[in-house]
2 protein chains.
Amino acid sequence: MAAKLADVAARAGVSPATVSRVLNGNYPVAHATAEKVHRAVAELHYVVNGNARALVSARSDLVGVLVHDIADPFFGVIASGIQDSVAEADVLAVVCNTGSSAARELSYLKLLRKQRARAVVLTGGSVDDPDLHGAFVEQLTELTASGAHVVLCGRPPVTDAEGRDVPGLVTVDFDNRDGARRLTAHLTSLGHREIGYVTGPEGRTTSQLRLEGHLMAIRDAGLDEARCPVVSGRFDRASGSTGATELLRRNPDLTAVVAGNDMAGVGVLTELRSRGIEVPRDISVAGFDDLPFSSDTVPALTTVRIPLTEAGRTSGRLALGNESPPPGGLLPVRTELLVRDSTAPPSRGRNSTSGERAPSAKAAE
Amino acid sequence: MAAKLADVAARAGVSPATVSRVLNGNYPVAHATAEKVHRAVAELHYVVNGNARALVSARSDLVGVLVHDIADPFFGVIASGIQDSVAEADVLAVVCNTGSSAARELSYLKLLRKQRARAVVLTGGSVDDPDLHGAFVEQLTELTASGAHVVLCGRPPVTDAEGRDVPGLVTVDFDNRDGARRLTAHLTSLGHREIGYVTGPEGRTTSQLRLEGHLMAIRDAGLDEARCPVVSGRFDRASGSTGATELLRRNPDLTAVVAGNDMAGVGVLTELRSRGIEVPRDISVAGFDDLPFSSDTVPALTTVRIPLTEAGRTSGRLALGNESPPPGGLLPVRTELLVRDSTAPPSRGRNSTSGERAPSAKAAE
DNA sequence: GGTATAGCAGAAAGCGCTTTCTGATCCGGG
DNA sequence: CCCGGATCAGAAAGCGCTTTCTGCTATACC
């Protein structure tokens, strides 16, 4: 149906080899000949068959991007960063929604291997499934063995059954633990001593690291852990709401609630509001990630910014192999505490009307 | 490096042809033989080379998905719907960010053609670029001619230079105009007579259709169009803010503001709030799309719901050719008016509480 | 003027698979 | 007992490209 290389060659009056060389520009071709070929290409609307090319060169112009949920802006932003940087090399990004299921992650990895993807970027915290971990490591090993680059963006290095790092992986690591520690430290330094926490989904490394950071800050400040309840959520709005409810049930005197991410933070905000609790006068609230909408909440959410777009871009470059991998395969990404309007010093006894807050001034990107 | 079909054949003691047949299950193979093959496949961790397969069968297991911006939840949700439905056929979705540029759209189309994508789904309103339109139609024609399915999701049918529909395209059409009409009609029926409007980007069909619907409702209600200013925005928060400012400058007596989409609606909400204008008491606000966050705004945003996930799924099925195309190639998607807390009847005379305007430094993306 | 050397272009092999065509085996029926 | 038709398996061609190897024509140099 479509024109092929041989058709172009015939039309230009040259051999297929010459056409190929003109197209790839990796071999000297006389200018006049190249002209003829270009003309023929244009006339025939010729487009090289990527499959044939990939077959002989043993690698395609595809990079796989595994995300938990592409409808979640957290992943959308990362994906757009990746897309951005790989597009410069005319490489296509294949976005795969795993729905946080290790099984689907595995089957996508296999599919990507089948397409001989040039690289794959796994984003977001890893999902723990002991049964599948062996198979997971195997896929990753197989992938790197066949020359594909594997980049972990926002998830910790993968270790095999013996706890050894799987070789050849590159990690773009978000500083979740320390970011969380600094966030909660901000709250304790404001004078909060009864701080609730809504975690992310169980078994997700991101949830765990952030929780650890939070607990570190709690201990550093010498707070009574019994007064600082932790409930588990799922990194979404709904779990933010129910989490806030549960937290208040456990400790009605809470003066601050930290959510595992911004999404849950919004849920907390909504729930508190619907209960007539004013933020930050009555309770301070904080999130994590600094998603695009986080500065538009009311009040604007205090959070920890992760430069997601930039991290995505870096991951993309790493995936293409354009950027030499960092020493040790680990490239840390700095987080930054963003204090906005949802956090303030605790008021003495909840029901007092402590000062009004100034209308929000926003942080530019 | 990786095992190939011949290796599996050798190990199983059969011919390559037999292995292929076992893997594809399209030809009778004795049970015992199939067993041997399966064992060899497992032992060698064999994964078929999709490129080789695509080369001979002349079509790959890839569908392209063109979006304006994957970080925007509007597209994220659609993309996840598409992904969802094509994944069932072990087909991979290639997400391409066009950044609303017709040139990039074109180059992605070419890239997708090169990969011999099985189908491509173009989402979101089309971008108007007269210079590139011819080339655009050509790519689409070439694509359908080579047997690929082309689905337009949320954009109107494409017409060629003579205004004729390009054949073979399937359109999943959002009912933007009528949705917008009903939304503004809701406002007029509430008693609003001075309604401002913030459009989407110029030259985008979605913007245009929604604006048309709005104006229809304005006329239907017999309002004075001079009192109903329209300012242009870009479907993002920042333009919602600036749009609201400009609208109030043009008509300080506005009792309602309609934004072209939810994103801009949030911007409007934020801006009004920072000016001390209370929603919906002083001014009603409405958006369009019903994105996941729209019910979490304060107050919850009245909007028009488009079943984006479902539309994405349908587009995916259409792209795979699993669903027979609708008559006329046009499949309408119903929208639904969602009245929430941001709209209410206008109050008599606003200046009762028109607050001080706080300086707010905004960042555009 | 003859040979060495660029500088280009073509022939052909082969990437890993699918599929048609051909062939071998086995069964039942005449 | 032999033949025809199932039933299954192999041989081989070829999908559209890249790339090595080979070869040809100029040019340069002695």
Side-chain angles (χ1 to χ4, degrees), chain A residues 1-38 40-41 44-62 90 111 113-118 142 146-147, chain B residues 1-38 40-41 44-62 90 111 113-118 142 146-147:
Chain A
M1 189 87 250
K4 51 176 143 180
L5 195 79
D7 300 332
V8 176
R11 176 145 198 147
V14 298
S15 75
T18 303
V19 176
S20 169
R21 296 199 266 246
V22 170
L23 262 26
N24 292 295
N26 50 7
Y27 195 86
V29 173
H31 193 69
T33 315
E35 269 305 287
K36 280 192 296 185
V37 170
H38 281 131
V41 165
L44 266 49
H45 304 302
Y46 173 73
V47 175
V48 65
N49 185 324
N51 293 124
R53 178 181 281 179
L55 177 56
V56 10
S57 59
R59 78 158 211 241
S60 70
D61 285 339
L62 253 37
D90 273 8
L111 231 40
R113 208 143 79 70
K114 166 176 146 195
Q115 296 297 337
R116 298 302 187 263
R118 182 196 275 231
E142 213 93 33
S146 68
Chain B
M1 188 89 246
K4 51 177 145 185
L5 196 80
D7 300 332
V8 176
R11 177 147 198 145
V14 299
S15 76
T18 302
V19 176
S20 170
R21 296 199 265 246
V22 170
L23 260 26
N24 292 294
N26 51 7
Y27 194 86
V29 173
H31 192 69
T33 316
E35 270 305 288
K36 278 191 296 184
V37 171
H38 280 132
V41 165
L44 266 46
H45 305 300
Y46 173 73
V47 175
V48 65
N49 184 324
N51 292 124
R53 178 181 280 179
L55 178 56
V56 8
S57 58
R59 76 157 211 240
S60 69
D61 284 340
L62 254 35
D90 273 7
L111 232 39
R113 207 142 79 71
K114 167 177 145 195
Q115 295 299 338
R116 298 301 188 265
R118 184 195 272 231
E142 213 93 32
S146 68

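Below, chains carry the letters A, B, ... as their sequence lines are ordered, and counting in each starts from 1. Below, each value reflects all heavy atoms present in this structure, side chains not excepted, and no hydrogens, waters or symmetry copies.
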> Of the non-hydrogen atoms in B:V37 and B:V8, which two are nearest, and what is the gap between them?
Replying inline: O-CG1, 4.2 Å
> Would you say a side-chain N or O of B:T33 is under 4.0 Å from OP1 or OP2 of D:dA9?
Replying inline: yes
>> So if I take every side-chain heavy atom of A:V14 and compare against C:dA9, C:dG10, D:dC17, which nucleotide ends up nearest?
In response: C:dG10
> Rounded to whole angstroms, how far apart are CG on B:N51 and C1' on D:dT18?
Replying inline: 14 Å
> Hey, are the side chains of B:N49 and B:K4 touching, using non-hydrogen atoms and a 4.5 Å cut-off?
Replying inline: no
>> I need the CZ-C1' distance between A:R59 and D:dC17, as an integer number of Å.
In response: 15 Å
> Considering heavy-atom distances to DNA chain D, does B:S15 or B:A52 have its closest nucleotide positioned more toward the 5' end?
Replying inline: B:S15
>> Counting only heavy atoms and a strict 4.0 angstrom limit, can you tell me which residues of residues 16-25 of chain B come near DNA chain C?
In response: B:A17, B:S20, B:R21, B:N24
>> Testing the basics here: between A:S15 and A:A9, what is the closest heavy-atom pair and its distance to 0.1 Å?
In response: C-CB, 3.7 Å
Taking distance alone, no hydrogens or angles, what donor-acceptor pairs closer than 3.5 Å link side-chain atoms of residues 22-32 of chain B to residues at least two apart or in another chain?
unit_1: B:N24; atom_1: OD1; unit_2: B:R53; atom_2: NH2; d: 3.2
unit_1: B:N24; atom_1: ND2; unit_2: B:S20; atom_2: O; d: 2.8
unit_1: B:N24; atom_1: ND2; unit_2: B:S20; atom_2: OG; d: 3.4

> Between A:L55 (CG) and C:dC15 (C1'), how many Å, whole number?
Replying inline: 4 Å
> Between B:N49 (CG) and C:dT18 (P), how many Å, whole number?
Replying inline: 10 Å
> Counting just side-chain N and O atoms, does B:N26 come under 4.0 Å of either OP1 or OP2 of C:dT19?
Replying inline: yes
>> How many whole angstroms separate atom CG of A:D61 from atom C1' of D:dC17?
In response: 14 Å
>> With nearest nucleotide decided by heavy atoms, which residue, A:P28 or B:Y27, maps closer to the 5′ end of DNA chain C?
In response: A:P28
> Does a side-chain heavy-atom distance below 4.5 Å link B:R118 with B:L62?
Replying inline: no
> Between B:D61 and A:K114, is the closest basic N to carboxylate O distance under 4.0 Å?
Replying inline: yes
> D:dC17 P sits how many Å from A:L44 CG, rounded?
Replying inline: 11 Å
